[in-house]
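A, B, ... follow the sequence lines: proteins, then strands. Residue 1 opens every chain.
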Amino acid sequence: MPAAVIVFPGSNCDRDMARAIELVTGRAPAMVWHGDTSLPDGTDFVALPGGFSYGDYLRSGAMAARSPVMGAVKAAAQRGVPVLGVCNGFQVLTEAGLLPGALMRNAGLNFVCRDVALDVENSQTIFTAGYAAGQRITIPVAHHDGNYFADADTLDRIEGEGRVAFRYAEVVNGSARGIAGLVSAGGNVLGMMPHPERAVEDAHSNRQGLALFESVLGVIA
Amino acid sequence: MKVEVFVTLKPGVLDPQGRAIQHALGGLGFAGVNDVRAGRYIQLDLADGTSEADVRAMCEQLLANTVIENFRITGV
């Protein structure tokens with residue numbers, strides 16, 4: 001039962017994502033090209049990596065969200081397969097309509113690339129079960145368009161449904177209500193701007209992203 | 001036929017780029033710039049007879065992100 005990492009032209013965190021998955025599962029995930037129209041049989045986890053898919057043309061994630069492989073990713077998400085989108089992957093998930101809202105230019109207009117403090121808002125999701133509720137963790141961000149926007153009704157709804165998985169514990173990019181990551185209504189799709197795959201081994205500044213991969217990949221193991 | 005599409009942020013959606021442009025204009029000595037909203041302009045060369053409904057569909061499915069943006073079509 002393989003995991004799959006989707007590779008778009010311009011993805012640049014696909015190999016980091018694959019390494020994080022292999023660290024936890026002991027198996028290299030399938031690397032699936034954006035032009036493919038299906039996922040490998042039995043795919044039980046899909047990751048959309050960070051990067052600058054299609055050069056961020058039109059809007060970040062806009063072209064990738066309409067690429068051939070996304071039909072299969074949407075179908076997998078609808079079947080309940082866990083789907084993780086990090087950074088550009090989060091942007092793709094919102095553009096594809098798998099998560100509500102949009103990611104706009106950072107409020108300060110700067111590309112932000114540093115470790116940031118996050119609070120685990122909901123530790124009951126399949127992605128965050130390895131954390132304690134309210135736990136503060138440090139995960140790197142690296143993005144220009146991470147300023148989460150949704151209208152007030154949508155924000156109230158996703159907050160009320162407990163769908164905010166991670167919230168920034170400091171000022172980072174102007175995100176509405178400090179939202180750093182949120183899950184779908186079904187709980188099996190997580191989009192987040194911070195990069196958990198950059199915090200999984202000793203060479204990184206910390207290993208606090210590992211619990212996310214252990215949580216979601218443990219569910220499917 | 002040539003069709004033009006103007007994509008703009010919805011009212012109420014903060015526009016950090018527009019804000020930066022506004023500040024820069026102030027820095028250049030232009031007084032009285034009360035607000036700036038930046039958008040996107042797209043030219044389409046379409047087969048004659050393409051309907052406005054088709055262009056609207058293009059806008060809704062790709063050219064604009066209707067979560068945050070409005071669009072205006074001219075020339076069809």
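Around atom CZ of A:F111, more than 12 heavy atoms belonging to other residues, nucleotides or ligands sit under 6.0 Å away. The number of heavy atoms from other shown groups lying within 6.0 Å of CD (A:Q124) does not exceed 12. Remark: A:R157 CZ is packed, more than 12 non-hydrogen atoms of other residues, nucleotides or ligands lying under 6.0 Å away. More than 12 heavy atoms of other residues, nucleotides or ligands lie within 6.0 Å of CZ in B:R37, so this atom counts as buried by the packing criterion. Heavy-atom neighbours of B:Y41 OH from other residues, nucleotides or ligands within 6.0 Å: above the threshold of 12.
The closest side-chain heavy-atom distance from B:L14 to A:N147 is not below 4.5 Å. The shortest side-chain heavy-atom distance between A:R105 and B:D15 does not fall under the 4.5 Å cut-off.
Looking at A:D151, neither its backbone nor its side chain comes within 4.5 Å of chain B, counting heavy atoms on both sides.
Proximity of a side-chain donor or acceptor of A:R59 to a complementary backbone N or O of B:L63 within less than 3.5 Å is detected. For A:R66 (side chain) and B:Q61 (main-chain N/O), a donor-acceptor pair under 3.5 Å exists by modelled atom type.
Residue A:M104 is tested with B:N65, B:V67, B:V13 for a side chain to side chain contact (heavy atoms under 4.5 Å, CB included); the sole match is B:V13.
Nearest approach of B:L62 to A:A62, heavy atoms of both residues: CD1-O, 4.2 Å. For the pair A:A107 and B:P16, the tightest heavy-atom approach, listed with the atom from each and the gap, is O-CB, 3.7 Å.
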Starting from the C-alpha separation in whole Å, work towards a yes-or-no answer on side chain to side chain contact (heavy atoms under 4.5 Å, CB included) for A:L58 and B:I42. CA-CA 10 Å; A:L58 193 63; B:I42 300 169; 4.3 Å; yes

